[in-house]
Amino acid sequence: MVRRTRWLVALTAFGLLGTACVGGGDDGGDGTQPDAQQDLSGEQIEVAAVWSGPEQQRFRAVLDAFEEQTGATADFTSTGDDIAAVLGPRVEGGDPPDVAILPQPGLLRDFAGQDALIPIDDVVGDELEANFAPVFQELGSVDGTLYGLYWKMANKSTVWFNIHSFQNAGVEPPEDWDGLQQVAQTLSDSGVTPYSIGGGDGWTLSDWFENIYIRTAGADAYDQLTNHDIPWTDQSVKDALTVFADVVGNPDLIAGGTDGALQTDFTTSVTQVYANPQSPEAAIVYEGDFVAGEITGNTEAQLGTDADFFPFPEIEGSGPAVIGGGDAAVLMNDSEGGRALIEFLATPEAAEVWAAEGGFLSPNQNLDTSVYPDDITRRTAEALVEAAEAGNFRFDLSDLQPSEFGATTGEGIWGLLQEFVRNPDDVDGITQQLEQAASRAFG
């Protein structure tokens, strides 16, 4: 780990690590001396990402640490949510940023297919092997060539609950699917609606399905369905939808019933549980670790006092699994500064800067999780890293599909799962429609 130690020595010299740093040494971990820190004074690079507001500010702190070490200047460009619309014309015009951070694997594949990305195995191959589980190298590669470094992740296998509602009903977080159904019924009997579902945003429904599917069908079938190697009419899909109907098939267990769920967006699904924590509209909302940001940003509820999460339950002994999303750093201009920044982002020290501020999960298995600002964030991060190390992490299935099938409002997976919520008894019909849509998208 020569490169990692080199960054560590440089960071210590500038006093940036403080007491929360991960340890290091004077050598490269193999008895060799680390290389001298590269001086990039006068080098100016551009980094583009979708982040704005607090996320942009926190990433700016990461860039500040990089600048302090190297002497380079790193300018940040916020592209807004549609990063492809910004980067595409710039690539065509021969003016890409040095580094871009892409929020979807499909974009990485698209740009790689246009020869718009620089391979980075010689830049961070050693760091990836030392600091990341193999799945992240696979996710960052196209046709065996490494283009992307997955740096910021989301754990989408967290189920959030109102602590007071659970205490008043005398229930504990369940460990399996049957236990979840028992908890839901007990909550209902106590006078609290169990589920708040943001079905107005179809992506929340696809996240429900993906977590159920990997637990009922297994990781191998998940990979096959992701690649359309098995059809959406496969019995495994029907079985997963039948399990999903345990939640969406009873309108009495959903805030606002079926119609209410399909008119509720993600943010509202969270506020229904936490805006009035002592008297909520529902007790449980499923979504990723980013629910914590919605709670702290849009309600007066307190994490750990009013709000907590439990891992998405196992189904019939499936064992734990984590579905996640993430952002990959790619090199679009083969500059010294761009290469140095990619290398820096692969280190635990870079992740520490944002991790300490919250709103961030790192897939870096050598990051000291004590730097996370609270126990809830720490637990979500540890669950993600542990699942990746065990081979039980998979990327969000819909994000891995052609966009017209996996990521288009009101169409494909998102739209058809909304139709399923309207009529959860028609499993055969909805799987036929899903297969037709997938076949069109995959060509």
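Only heavy atoms go into these numbers, but all of them, side chains included; no hydrogens, no water, no symmetry mates.
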(message) To check you understand the geometry: which heavy-atom pair defines the closest contact between Thr79 and Ala48, and what is its length?
(response) CG2-CB, 4.0 Å
(request) For residues Phe266 and Phe290, establish whether the separation of their ring centroids is below 6.0 Å. (result) yes
(request) Provide the closest heavy-atom pair for Ser269 versus Thr264 in the form atom of the first, atom of the second, distance. (result) N-CG2, 3.5 Å
(message) With a 4.5 Å cut-off on side-chain heavy atoms, are Phe309 and Ile376 touching?
(response) yes
(message) Assess whether a salt bridge exists between Asp64 and Arg60, defined as any Lys/Arg side-chain N lying under 4.0 Å from an Asp/Glu carboxylate O.
(response) yes
(message) Side chains of Trp232 and Gln436, heavy atoms from C-beta outward: is any pair under 4.5 Å?
(response) no
(request) Assess whether atom CG of Asp143 is packed by more than 12 heavy atoms of other residues, nucleotides or ligands within 6.0 Å. (result) no
(message) My understanding is that only residues two or more places apart in sequence, or in another chain, count here; which of them pass ring-ring contact (aromatic ring centres under 6.0 Å, His included) with Trp208?
(response) Phe244, Tyr286, Phe312
(message) Whether Arg90 and Glu46 form a salt bridge (side-chain N of Lys/Arg under 4.0 Å from carboxylate O of Asp/Glu) is what I want to check.
(response) yes
(request) Return the orientation label for the Phe76 and Trp51 ring planes: parallel under 30°, perpendicular over 60°, tilted otherwise. (result) parallel
(request) Could you tell me whether Glu210 and Lys156 have a side-chain N and a carboxylate O separated by less than 4.0 Å? (result) no
(request) Flag the pair Asp374 and Arg378 as a salt bridge only when some basic side-chain nitrogen lies within less than 4.0 angstrom of an acidic carboxylate oxygen. (result) no
(request) On the 0 to 90° scale, with breaks at 30° and 60°, tag the Tyr150-Phe136 ring pair as parallel, tilted or perpendicular. (result) tilted
